[in-house]
Structure formats: structure tokens, C-alpha cells
Engineer: 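Sending over a structure as C-alpha cells; questions will come in a sec.
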Amino acid sequence: MPTGARITIDALKREGVKVIFGIPGLSNMQLYDAFIEDLQNGELRHVLMRHEQAAAHAADGYARASGIPGVCTATSGPGATNLVTGLITAYWDSSPVIAITGQVPRNSIGKMAFQEADAMGVFEHITKYVVEIKKLEEIPIWIKNAFYIATTGRPGPVVVDIPRDIFYEKVEEVKWPEKPMVKGYKEFPTIIDRQKLKKAAEILVNAERPIILVGTGVVWSNATQEVLELAEYLHVPIVSTFPGKSAIPHDHPLYFGAMGYYGRAEASMAALESDAMLVVGARFSDRTFTSYDEMIETRKKFIMINIDPSDGERAIKVDVNLVGNAKILLRELMKAIYEVGKKNDHNAWIKRVKEYKEYYSQFYYYDEPNKLKPWKILKTIRNTIPRDAIVTTGVGQHQMWAEVFWEVLEPRTFLSSTGMGTMGFGLPAAMGAKLAKPDKVVVDLDGDGSFLMTGNNLATAVDEHIPIISVVFDNRTLGLVRQVQDLFFGNRIVGVDYGPSPDFVKLAEAFGALGFNATSYEEIEKSLKTAMKENIPAVIRIPVDKEELALPTLPPGGRLKQVIVRDPRKSS
């Protein structure tokens, strides 16, 4: 007779699960015992991470790279609570992750048992859904429900908490559900409202300076081609949110970059100057629209396409709110535009945005003697790795440099923690992405501070033969915090500077990975080529000046018009 643990594994396999990232412990040990045969026959792969936060990040990277949910597991108490940071990261960035957590036995719950934590209370507000299994018969339906909830509407993480005594229970017959059944949960429908579509079409064709803002909803709905078709037909510029960078090929002539707090100045200026904005698969985040008042003052018309109807009701009043799948609604919007017909020639508007791009480029691309410049480091990496290589990032200055300078050439190849800004995301996310897409080169763009948050998982990459490449921008400081202290706190630098430890090359070699110290652009290229050829985990350390700034930026609480593109510490 199958046990609760075996039923859990079979339920995961029925949902197509091939890889599980996790760490065993007292309360999920029976789950591990149940899948030994699946590991032996190759039906499942388990990846033993070195910390549960990284297990969640790896599952997240797997989901973002593949488009299907990533799965992680942890034991009760500290195992489960260590997942918190990874799961809220997935939640804020709308990534479908399934976490299976062990729990103390049912008769011990609420009695301060060893390694007991209130999973329902902990995860309730930082995941899309959390459920505690009360009896063995609930496992099949709730595993199916978990995948349904994680992938419908706005994607997000789901936690299934299972008391360990249920893992041991047996049942003679398993009833496998044909479809999910979640009481009170409704999938957001795609609403095709012809009147709204016509109004949206009229706004776009009558606008003199229309613009399209894309977010991750374009990625999850695979709507890149539809966005490009609309933009090309109306001849309008495209900008993106930071996470929306992964939606549009950056070598497309109508794409002008990510806008916002650390975004490209030309993208932000074009967004401000536009008289109509079509927002596709994005929300009005305070990192994109740093001042809602500033955006409202432009008096532009807003059209929003979003799977979540509540997004059209937050922060800024939307003139036309189209609810549903972006791919479907963009196709319907194109039909409405064809019916209304093109009216305005937007050549002058495109020329204006190109002038912004040319003007601001003088501040972006410059060399300094005896210094490796971030823009040129990223250009060197871009020119060395394949077009379809997947890039992840940590969080810090290196991430902001990637926002401005990294060229995404294929959709779903740029993964970063944007909503939560979680240091340590880059390495484990790269590992998850590599297992999802083993034929792709996967590079983690990281900072010394961010890399050290989860760098112990390099051991997993070596043990599990996951050949990812971590490029570490090493400036011996928490650069983004230091920058704000320097510019806006009167140069009162405190609590951010590191000493000489560690030596990243020796650290990599201690784990059994390749280690490179690249002190020139030529060495960066050579190190990358060697790492790709050797096909084992590698760390490439690149020294960056501690005084280097991530620009453009804004003063804290600033408006987009207050963008800082020059180093304010230097005289003009």
C-alpha cells in the first residue's frame, strides 16, 4: 500500500516534475525515502542545496527559464522558514514555485514541538497560497491544486505543508483527481470587451506620442511577437520595466530600454513625454514610476493589459483597463486598430526618442585609464557568450549596470530579483535555469556582497555537475548602499566596506570550481571562453573601482525628471 510520502511523489510526477531542489530533515525525511527508486531510474533528479533560501531561488530560476513551475522542499521549523526569502522573491516577481514543507505530527501541532513553526501563519502573506494537509486523502487534490494556483492568473509560489505522520500513513486505493478543485479560487478570465478595445485602439491611433511599456506579463504569456507587431504597425517606441527587459530583443530598433529608478534616462524621458501609454503585463511599480504625481501630471491616456484586474485600480487611474491574457488581448487590440485605421505618422516622435538616446549615450559610454568600466565589461561578456545564453543577476550596483547596459537578445534569458531585490538570487537562480535549459550557457552576473550571500551553493554546482559561470564584480563594498551614503548622506560611509577576504579565485578552487582573476577585457573574454569549453562551474572575479557609480539614478524619493546621469562628485 502506498504511503502519504509515496503519494506525494507520484502526485508531483503526474504534474510533470523532473527536478526537486531541497534539503532533507526530520519532517520531510520520509519524502526522500519515497523517491529513492525514482532517482535511481532517472525519473526524478534531486539537487541538494546548501541552504533552503537557495533551494527556493533555484526553483524560481528553473521556473523563469522554462515557463513551468519549479519545485523545492524543506523540513519543518528552520527548514521551512529558511524558504521565506526565496518564496517572497518569487511572489513579488510573479514566478510559479511549489514548496513542499514537512511539518511536525498532527498531534504535536500547537504544542511548541521540536522544529515546529506555523507555516500557515508564516507564508500566508508572502506567497500566493498556502495549505496545510489535514489527512492523507487530501494530498492528490492539493498537489494538483498547487500547480493550478501557481500557474493561473498572475503566477506565484504555493506552499503545501504536510505533517510528517501523514507521510507514514498508508491507503489501499488512491483517487487521482482529473481536474483541480479549489473552493473560492477563481482563475482570472480573459475579457474581450469590444467597446473597450475600440476605445483603446482610438486612443493609440489618435495619439501623437504613443508608447508601449512592457513587463513580465509579456514573458509569461509569450506575447513578444504580438507586442512587436503592434509597435511596428503603429511605429511607436517600446520601453520596459526592469523585469520586462526579458520581453523584447534589445537589438530591435523600436526598443529603448528599461525606464525607472535606475533605468535608462531616454526611456524615462520618452515615457514622461508620451501622450498615450499602453501598459502590457506590468504594474505601476514605484521603481518604474518613482512619483505617481509626476506621471499623472503628464495628462497622458493610460491603457492597461493585465491578468490581474486590481492592477488597473492602483496608484494611477487607467482610461482603458483590459483584463486577461496579454497575448490574446493584444491580438484583439490589433484587430480593433486595423478597423479604426492608422492616422498619425509617428516618425517625428521616434526621431525625438532617438535624439534622447543619442544625447544620454555621451554620459554612459566613456573610458577611464587603468579602470575596468562596467558598461564595457558587460559589452565584452555579451560579445563572448551566445545570443541565447541565460543571464541571472544578484542585487546591487552590478544589477543596476545590467539594467542599463546588458543586452537581452532572446526572450526569457534575463532573470533578476526586481520586486524584492534579494541579494544572493543570482547563483542559485542560475543553477535552476541551467537544469531547466541544460543546452544553454548560463551566466550569473554578481557582486561580491551579493555572491557571498549564497556562494556556499557553489558546492552544489560542483557536486551536481551544474556548469554555471559566476562573474563577480568585486569592489570590496556593498556598492549600492555605499553610493547612496556617498551622494545623499554627506559621504558618511558606514557599515559597507569589506576587507581583503575572500580571495574569490581560491574560494572557487576550494569548492572544486574554476577560478579566474580577470584584470583586463581580454582576460574576461579568455576566461569566459575557457569556462564554456571546460563546462564545469566557474567564478570569474573582475576588479571594479569602489568609487564607480551606478548611473543613471535618482535622489531618494525623486522624480524621473530629476535623473542624475553625471557623477555629481566631479566638476563638470
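Counting from 1, the numbers follow the sequence of the chain as shown. Just so you know, these numbers use all the heavy atoms, side chains as well, and skip hydrogens, waters and symmetry mates.
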Engineer: For Asp439, does the CG atom sit with more than 12 other heavy atoms under 6.0 Å from it, leaving out its own atoms?
Structural biologist: yes
Engineer: Salt bridge or not for Arg541 and Asp446, using N-O below 4.0 Å?
Structural biologist: no
Engineer: Testing the basics here: between His57 and Gly86, what is the closest heavy-atom pair and its distance to 0.1 Å?
Structural biologist: CE1-CA, 3.6 Å
Engineer: Salt bridge (charged side-chain N to carboxylate O under 4.0 Å, His left out) between Arg476 and Asp474: does it pass, once the steps are laid out?
Structural biologist: CA-CA 6 Å; Arg476 295 289 142 174; Asp474 184 8; 2.9 Å; yes
Engineer: Closest heavy-atom contact between Gln53 and Met423?
Structural biologist: NE2-O, 3.7 Å
Engineer: Quick one: do the Asp308 and Asn306 side chains pair a donor with an acceptor below 3.5 Å?
Structural biologist: no
Engineer: Is it the case that over 12 heavy atoms from other parts of the model lie below 6.0 angstrom from the NZ atom of Lys357?
Structural biologist: no
Engineer: Just by distance, with hydrogens left out, do Asn325 and Thr190 show a side-chain donor and acceptor under 3.5 Å apart?
Structural biologist: no
Engineer: Please report the shortest heavy-atom distance between Glu548 and Gln397, naming the atom on each side.
Structural biologist: O-NE2, 2.9 Å
Engineer: Rounded to the nearest 0.5 Å, what separation is found between the CG atom of Leu415 and the OG1 atom of Thr392?
Structural biologist: 6.5 Å
Engineer: Is any side-chain heavy atom of Arg45 closer than 4.5 Å to a side-chain heavy atom of Leu435?
Structural biologist: yes
Engineer: How would you list, by chain and number, every residue that makes a side-chain contact (heavy atoms from CB on, under 4.5 Å) with Thr519, sequence neighbours excluded?
Structural biologist: Asn517, Glu523, Pro543
Engineer: For the atom pair CD1 (Ile23) and CG (Leu83), what is the distance rounded to the nearest 0.5 Å?
Structural biologist: 8.5 Å
Engineer: Should Leu330 and Val280 be marked as a side-chain contact (heavy atoms from CB on, under 4.5 Å) after you check the CA-CA gap, both sets of side-chain angles, and the distance that decides it?
Structural biologist: CA-CA 9 Å; Leu330 282 169; Val280 186; 4.0 Å; yes
Engineer: Given the side-chain rings of Phe405 and Tyr365, with only the six-membered ring counted for Trp, is the space between their centroids under 6.0 Å?
Structural biologist: yes
Engineer: Between Glu226 and Lys327, does at least one N-O distance fall below 4.0 Å, as a salt bridge requires?
Structural biologist: yes
Engineer: Applying side-chain contact (heavy atoms from CB on, under 4.5 Å) to Val239 and Ile211, what does each step give before you reach the verdict?
Structural biologist: CA-CA 7 Å; Val239 297; Ile211 197 166; 3.9 Å; yes
Engineer: Could you walk me through whether Glu208 and His346 satisfy the side chain to side chain donor-acceptor pair (under 3.5 Å) test, starting with their C-alpha distance in whole Å, then the side-chain angles of each, then the deciding distance to 0.1 Å, before giving a yes or no?
Structural biologist: CA-CA 7 Å; Glu208 292 182 3; His346 298 126; over 6 Å; no
Engineer: Check whether any side-chain heavy atom of Met420 lies under 4.5 Å from a side-chain heavy atom of Val395, and answer yes or no.
Structural biologist: no
Engineer: Is there a donor in the side chain of Ser240 and an acceptor in the side chain of Tyr255, or the other way round, less than 3.5 Å apart?
Structural biologist: yes
Engineer: Go through the steps to decide whether Val227 and Ile248 satisfy the test side-chain contact (heavy atoms from CB on, under 4.5 Å), and finish with yes or no.
Structural biologist: CA-CA 8 Å; Val227 170; Ile248 304 296; 3.8 Å; yes
Engineer: Looking at every heavy atom in both Leu480 and Ala550, which two are closest together, and how far apart are they?
Structural biologist: CD1-CB, 4.2 Å
Engineer: Going by atom types only, do Ser246 and Arg412 share a side-chain donor-acceptor pair under 3.5 Å?
Structural biologist: no
Engineer: Around atom NZ of Lys379, are there more than 12 heavy atoms of other residues, nucleotides or ligands at under 6.0 Å?
Structural biologist: no
Engineer: When you compare the side chain of Val404 with that of Pro552, does any pair of heavy atoms fall below 4.5 Å?
Structural biologist: yes
Engineer: Salt bridge check, Glu266 against Lys354: does any charged N sit closer than 4.0 Å to a carboxylate O?
Structural biologist: no
Engineer: Report the C-alpha separation of Phe256 and Tyr356 in whole Å, then their side-chain angles, then the decisive distance to 0.1 Å, and conclude whether the ring pair (Phe, Tyr, Trp, His ring centres under 6.0 Å) test is met.
Structural biologist: CA-CA 10 Å; Phe256 290 92; Tyr356 272 132; 9.9 Å; no
Engineer: Stepwise, does the salt bridge (charged side-chain N to carboxylate O under 4.0 Å, His left out) test hold for Arg50 with Asp463?
Structural biologist: CA-CA 11 Å; Arg50 298 304 189 262; Asp463 287 355; 2.7 Å; yes
Engineer: Quick one: ring-ring contact (aromatic ring centres under 6.0 Å, His included) pairs with a partner in residues 517-554, sequence neighbours left out?
Structural biologist: none
Engineer: Any chance you could lay out the salt bridge (charged side-chain N to carboxylate O under 4.0 Å, His left out) test for Lys373 and Asp545, step after step, and finish with the verdict?
Structural biologist: CA-CA 9 Å; Lys373 302 298 288 184; Asp545 191 331; over 6 Å; no
Engineer: Can a side-chain donor-acceptor contact be found between His51 and Asn457 if the only test is distance below 3.5 angstrom?
Structural biologist: no
Engineer: Taking Lys245 first and then Glu403, would you say they form a salt bridge - that is, a charged N and a carboxylate O separated by under 4.0 Å?
Structural biologist: no
Engineer: Please check if atom CH2 in Trp92 has more than 12 non-hydrogen atoms from other residues, nucleotides or ligands closer than 6.0 Å.
Structural biologist: no
Engineer: Please set out all donor-acceptor pairs under 3.5 angstrom arising from side-chain atoms of residues 503-515, sequence neighbours excluded.
Structural biologist:
| residue | atom | partner | partner atom | Å |
| --- | --- | --- | --- | --- |
| Asp503 | OD1 | Val505 | N | 3.0 |
| Asp503 | OD1 | Lys506 | N | 3.1 |

Engineer: Would His250 and Trp406 count as a side-chain contact (heavy atoms from CB on, under 4.5 Å) here? Give the steps.
Structural biologist: CA-CA 9 Å; His250 288 25; Trp406 184 254; over 6 Å; no
Engineer: What orientation do Tyr359 and Phe363 show, parallel under 30°, tilted 30 to 60°, or perpendicular over 60°?
Structural biologist: perpendicular
Engineer: Give a yes or no answer on whether the side chain of Trp401 reaches the backbone of Leu549 with a donor-acceptor pair at less than 3.5 Å.
Structural biologist: yes
Engineer: Can we call the ring centroids of Phe242 and Tyr262 under 6.0 Å apart?
Structural biologist: no
Engineer: Salt-bridged, Glu355 to Lys351, with N to O below 4.0 Å?
Structural biologist: yes
Engineer: Tell me the closest heavy-atom pair linking Leu44 and Val17, and the distance in Å.
Structural biologist: CD2-O, 3.4 Å
Engineer: List the atom of Ser470, the atom of Asp444, and the distance in Å for their closest heavy-atom pair.
Structural biologist: OG-OD2, 3.0 Å
Engineer: With a 4.0 Å cut-off, would you call Lys529 and Glu525 a salt bridge?
Structural biologist: yes
Engineer: Taking only Lys NZ, Arg NE, NH1 and NH2, and the carboxylate oxygens of Asp or Glu, determine whether Lys376 and Asp367 approach each other closer than 4.0 Å.
Structural biologist: yes
Engineer: Check whether any side-chain heavy atom of Leu272 sits under 4.5 Å from a side-chain heavy atom of Met295, and report yes or no.
Structural biologist: yes
